[in-house]
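Below is one structure; the comments refer to it alone.
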Amino acid sequence: MTALLSLQHVTKVFGGLTAVDNVDLEIAERSITSLIGPNGAGKTTLFNCLTGLHRPEVGEILFDGSSLIGLRPDEITDRGVARTYQNIRLFGRMTALENVLVGQHLRLHASHWSAVLRTRRQQEEEHAARESARALLRFVGLHGREEVVSTNLPYGDQRLLEVARALGSQPRLLLLDEPAAGMNPSETDRMMELVHRLRDEKGITIFLIEHDMKVVMSISESVAVLDYGEKIAEGTPEEVRADARVVEAYLGPEVAVQETAGPASG
Amino acid sequence: MALQSAAGSIRTGLIGFAFLSYLILIGIPGRIGGSALPVLALISALFFWLNLRREAAHHLARNPEQGLEGDEGKPGWEIGANADSDRSSLHALLTARPGTALALRGLLAGLTTGLLIAVVSGIFAAAMGNGVAIQPVLDKIVPINVAALIGVSPGQIVQAEVSFIRFLLQILLFAGAGTLAGLAVSAGGSNLTTAARSGFLAAHVSGPTLGSVGRFAGIALPFVLLAYIAWIGLPGVTAFGTNEGTVRLLLTLIATGSGLFAVRLSRPGREQRIVAVLLGLGVVSMPFILDQFQNSVMGLVFIFVMMGLGLNIVVGYAGLLDLGYVAFFAIGAYTYAFLSAPFSSPYISGLLILMGVSPDSPLLGYWMALPVAMLTAAIGGVLLGIPVLRLRGDYLAIVTLGFGEIIRLFMLNLGELTNGPRGILEISQPALFGVSPAGVTFGLLSSQGWIFLLALVSSALVAFVAIRLNSSRLGRAWFAMQEDEDVAEATGVHLVRTKLLAFAIGATFAGMAGQLYAARQINIFPENFTLFVSIDALALIIVGGIGSPAGIVLGALALKGLPEVLRGVDEYRIVTFAALLVIMMIVRPAGILPSARRRTQGTDPDEAGFDDSGELMEGLVSEEQVAASPGLANGKEEVR
Amino acid sequence: MLILDSVHTYYGHIHALKGISLRVNEGEVVTLIGSNGAGKTTTLNTISGVLPARAGAIYFQDSPQGGGSSSLPGRENGIRLDRMPAHEVARLGVSQSPEGRKIFARLSVQENLALGAFARTDSDGVRDDLERVFELFPRLKERLSQPGGTLSGGEQQMLAIGRALMSSPRILLLDEPSMGLAPLLVQQIFQIIREINAQGTTILLVEQNAQAALQVADRGYVLETGNIVLSGAADSLLANPQVAEAYLGI
Amino acid sequence: MTSRPVTARAAGTDGRAALKHFTRAFGAAIVVLVVWRVTTVGLAEGYPASFWISQALNGLVLGGVYALVALGYTLVYGILFMINFAHGEVMMIGGITGYFALQFALARGWMEGPWAIVVIALLTIMVIGMAASVLIGVALERLAYRPLRQAPRLVPLISAIGASLFLQYSVLLIFGVSPHSYRKPALISGGLRLGDVFIPYTGAIIFITSILLMLALYFIIQRTKLGRAMRAVAEDRATASLMGVDVNAVIVVTFMLGSALAGAAGVMLGFHNTVVKFNSGFIPGLKAFTAAVLGGIGNIPGAMFGALILGLIEAVGPSALGIPTEYKDVIAFSLLVLILIFRPTGLFGEVLSEKKA
């Protein structure tokens, strides 16, 4: 398998603090990779660099062979990278369906004039967009919730809706920032199953940040560990769990011993 | 409990006194003359009514179980400040009979007010009777007012004798007003939307169309009442009965506004369509029926509807707070003026020659000039948009405000280009098929009726475009951007393009409005384009209900139309308008006719600038809203 | 010491707490567990007065000796906390360390701690408490003049707890102290909670991490959609198969 | 959650290189234009140095007054994130009240008395003006703003605009249209002559008083318990209340402080401009707000420096650029637009405004 995403020497500095320090990383097409590490290790900052919210001072980010550096966030989304957020950031006053429709924004091309005149082509496109948005909501398990205003959705559903919105842009790489945060075990299981289906049925490459070690260990094919912005370990879940540096910096002896410890922090 | 409520009534009385003192200070009793006292008592009754009702509703919201079982269900276990233990027979009586309690509270509040008014006016009258001069400016207004309050004309001031009977009369009048208010509140029950209830009844008795009319009457009645009070109460004797045209204008405004309500409240589908068509026919026939003055007011109203619709795209849809919107209005107006008025500056004539237009045989007609004005305004919109792309919130507001002022100052000071403060005169009137209606009657249409008709058609067109755009992917992108700019961008919205489109489209509409405004005014001056135009436009979309075109029409009727009705009492016009603006925001912050989407806005934690703790406050907010919003909100829910 | 008697709370029209009754005794650690949106944080916010209780009553008993008319048992001689504004509740010695830490990011660590003691006038006591906080969290002493916002997540949590302790609370309400922390830090935080309790502070703990919470607590309540569905000693809850399935992820 | 509201992006502009280049080129062009204008026209006029110095001093005086008003905007914004649009009117009320107090003092002949009495009288006049402003400011907060705490941002803005108009036209109805003129007592009507530069006493007094008041405010905010509570409330109201801080009381105190400064400014502006009337708060209010934004709204030292800079540029600008003084408002607003284009959060803008703006 070829690497879909490849990071070389990526470094991001915030006023003297090196948030991401010379990180190299390769993510294979159709793989599921987890990024773990203590709070403030630079995980979300790395995601922000990938999606164009931050521009790394040093380094190269290649997606499918071409550089993402210097592109605007919407251009990066256009290339096929979509994401969700650690603290859910839906368009709160829009319905679930509208959220997904915004996700599809890039894939719609009817001109604004045609929207005013309601040309047949524009109508057809809108219709198709709504249909596929419904299909996406069904896919993540939000069937029947299309017209619910997103702030009124239960917490777990909001996380699912974020995934559906990200899918709207037809991504090849999906970045999930703590998808299971704040979920109870059964919701977490649902999310893990969804992640698998995304990869298996839609062929999307998954790159996720997660604190829940149970999720990380059971879902990922490879794991990368960040600490103080540096990558301190990388490998299969088993390798990482056995890594002395990881245990010291992050897991603590207890977790490493109990194989699948109880839910870690929410 | 009894003690607390007594303190509350006295507080109500004190506020009532402060309020009436204000009216005395700004000179209302002097205007009304001898009848001032009963009128003030009536006003204070209205005030007590509002206050008592709010408190009653608030009380109910806090203790839903009360009224059913009182506090009896629980033993008195509190200690300290919250001691409820004095269960006197009076207290028992009051909790058992909320109506009596309210009336008593009204009485107490009225007594407080009356006593204070009596004491103060007594002091003034006594001072005047003894020939004591009161400080400079104040001595002109206040004594006359106070004298009017106790039924003495200005000429009689010197002999004003301070009679005990008059004091007593004052106190009794206000006490009666308070009691009346208390009784009225209790009679109306907890919801107190008797008017809306009669509408509900009508809906059941008659067919659907009549029903919606009934419902709209129920909703609109408070407004009619308010307008009536504003009209009767404020202008006083001087304006009363002077101008029949004003009354008709008022009725026109109310009819249009309540028609909108009727559309909104009728059942979706056939009923709504019928009401909408009826309303449309009614409005389109107006230019042919109304006289010159009424038409000119309605024309102005609909020019501001266009402004509102344009600004709504920028503020309501895209969430960009623009306080310099007048700039585009001015650009549209001046562009048309340059193209159609005899005034010529060397720069402009040069430009016209370049464009292939002969500068001395003027001039581009209205229709030829329209695209030019729109394009110029749109370019202005983009030129403003580019530098402010990175700014957010209040920074954006102040920069746009600065931009608007800069444009105005340029118009004022660039004499060679714009004729400075002398303005541009004799702007030609729009013609149709080569016939210009200026001055003469154009068929059935007066010249102002023609402008009104044009404004009507243009605003319909603008509303159509705005609504269509808003329901397209562009509208979704705008709204997403308003909700969370970063996420919108990461979701694929091209921020620069989307923002600039909002600015440009908004500016284009303002340009259209500006051109029609110039045609309406015939002569324009820089002072037509002050910051207040921007504020008016912003206020009308917010008062009407941001994001909702119907609300914008309603807002324009209320904010641009009603003040014209009050023109007879110019000084009071702005004060009333300003006070209403504040009250409106407190009572109904989402506007009169909010769009469905924004109805949740009042409780949106982000909007409140409160982070997530805003969520915590949510309960508080809606509770207060329930308590504070009078008839309208409750009534609406009830009839639905 | 703290009694909730069928408390109802609303967010707008949403009925968030549907008659919560619970009791915290002097010297205990009591935990509230439940999934997201069950009403745990709402319960704490209702106690501390940030949210108003629409119905029901909250009693707080200031002194363990039950001064005043001590002939009456339990809640009768308590103070009603509902209908009291948040700042007055705080002044009674009910101190909350809110969810998400809520450090004053632009105020220094020292100022954050000083704010914790805002309502206090006994400067000697404040000084002693400051020493106590530094003993518990030596890291904070090193960063005294640093703005709170520049601390790491774990340090911020320490500061939040330290700040709550500075009011010399009778009862400490901890809201999700382990949220968003790495496993290693979570263990530390729970260690400290034990220590604080051992020093004599009553604790009401809200946690997502049910296992860890039940391990430190004496008793626990399980919340589900605004109702208490289960309560009992922490050990018995840990052993309860329903709890295990729903919240412990076993 | 904190990052959920629109977070201004410090680094998010990265992807917009083209736009950045455009604005930079635009800014450079303006700077070149200004420099060219100043060297070829302004300096070529050959005004003496004393002219520039007295212009600058004049600017500082004006800036001092703006600063006092700007602080009110910034304080309120810092805590409530709302533009108190009626703040200019709060200042005007101070000025009007000061006028009546002055009339009273003049009528009693206190202004011709020994200097100690004049000074005491002047101070009393200022305190009375401040008291009136405080009264109005607190009333505003209670009636027009407090009910709207949780409403969307635009709503209190409209309410504030309504309140502003209401105050203006109430004053018009009560006190009439005509301006009321301040008569300076003889003691302070003279001036100091240093070479060619003339410094009027009033100017000097106004500047020094402004600086003293600002220092007092800074001390309150940074060094006292109250100030700490204010800063805590500014950051997070709910959490501050958990610390035992009475949030409503703190907000009222904030309005009181801001209004007191505005009242002082109103009285001093009355002496400076010699007249007050119903709308004399509007333009200075707008300028002060501009100054607050210039310095980064919510930032207290920022407001002070922003105001001084604005005052200076407004005083010196027209002569330096060789254009009529009618354009001084254009200069003020253009400066604002320019600075915000290049520093979107103002000269001293910081996280606070980024977080909330």
Side-chain angles (χ1 to χ4, degrees), chain A residues 47-48 50-53 72-85 87-95 97-119 122-123 125-126 129 133 149-152 162 165-166 168-171 175, chain B residues 313 316-317 319 461-498 500-502 504-505 546-547 590 594-608 611-612 614-615 618:
Chain A
F47 267 28
N48 287 344
L50 288 177
T51 50
L53 217 56
R72 284 193 315 269
D74 56 298
E75 289 172 327
I76 292 178
T77 309
D78 201 14
R79 300 278 172 97
V81 180
R83 72 173 292 184
T84 68
Y85 298 85
N87 34 13
I88 302 171
R89 291 173 81 172
L90 290 167
F91 303 122
R93 283 181 287 152
M94 286 180 156
T95 64
L97 190 72
E98 284 174 316
N99 266 284
V100 183
L101 284 171
V102 175
Q104 291 176 322
H105 187 79
L106 275 166
R107 309 299 166 209
L108 302 178
H109 301 288
S111 75
H112 304 314
W113 287 117
S114 68
V116 172
L117 302 174
R118 291 242 164 106
T119 60
Q122 190 262 353
Q123 289 289 80
E125 189 187 75
E126 273 290 295
V149 174
S150 63
T151 37
N152 294 343
E162 273 215 323
R165 180 179 66 188
S169 65
Q170 301 166 10
L175 308 176
Chain B
I313 288 184
Y317 294 163
L461 198 73
V462 164
F464 176 78
V465 173
I467 292 172
R468 282 277 168 99
L469 279 179
N470 191 40
S471 62
S472 77
R473 72 189 177 101
L474 183 62
R476 287 194 298 267
W478 279 334
F479 197 40
M481 195 168 75
Q482 178 180 12
E483 293 278 280
D484 191 328
E485 202 172 297
D486 295 335
V487 178
E489 186 174 27
T491 314
V493 174
H494 190 309
L495 286 185
V496 173
R497 191 185 299 150
T498 313
L500 286 184
L501 264 172
I505 296 172
I546 200 161
S595 75
R597 225 176 220 170
R598 331 248 148 187
R599 231 165 270 164
T600 51
Q601 213 176 26
T603 53
D604 187 322
D606 280 358
E607 289 282 339
D611 285 1
D612 38 351
E615 280 167 27
E618 216 175 74

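Please read all numbers here as calculations on a predicted model, not as lab measurements. Per chain, numbering begins at 1; letters A, B, ... match sequence-line order.
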Review point. Between A:I76, A:T77, A:V81, which has the largest tally of heavy atom pairs under 4.5 Å with chain B?
Key: A:T77
Review point. Does the A:R89 side chain pair with the main chain of B:D484, one donor and one acceptor, at a distance under 3.5 Å?
Key: no
Review point. Do you know which of A:A110, A:A82, A:A166 has the most heavy-atom pairs under 4.5 Å to chain B?
Key: A:A110
Practice item. Mind ranking A:Q104, A:R83, A:E126 by heavy-atom pairs under 4.5 Å with chain B and telling me who comes out on top? Key: A:E126
Practice item. Apply the side-chain hydrogen bond (donor to acceptor under 3.5 Å, both in side chains) test between B:H494 and each candidate in A:E75, A:H105, A:R72; give the one that qualifies. Key: A:R72
Practice item. Counting only heavy atoms closer than 4.5 Å, note whether B:I467 contacts chain A via side chain, backbone, both or neither. Key: neither
Review point. Is the shortest heavy-atom distance from the side chain of A:V102 to the side chain of B:F479 under 4.5 Å?
Key: no
Practice item. Taking only Lys NZ, Arg NE, NH1 and NH2, and the carboxylate oxygens of Asp or Glu, determine whether B:R476 and A:E98 approach each other closer than 4.0 Å. Key: no
Check your understanding: Does any N or O in the side chain of A:T51 come within less than 3.5 Å of the main-chain N or O of A:P73, such that one atom is a donor and the other an acceptor?
Key -> no
Check your understanding: Of the backbone (N, CA, C, O) and the side chain (C-beta and beyond), which part of A:L117 lies under 4.5 Å from a heavy atom of chain B, both, or neither?
Key -> backbone
Review point. So which part of B:A466 gets closer than 4.5 Å to some heavy atom of chain A, the side chain, the backbone, both or neither?
Key: neither
Review point. Using non-hydrogen atoms only, which part of A:R107 is less than 4.5 Å away from chain B: side chain, backbone, both, or neither?
Key: neither
Check your understanding: Do A:E162 side-chain atoms and A:Y85 backbone N/O form a donor-acceptor pair below 3.5 Å?
Key -> yes
Practice item. Sort A:Q122 into side chain, backbone, both or neither according to what part of it lies under 4.5 angstrom from a heavy atom of chain B. Key: side chain
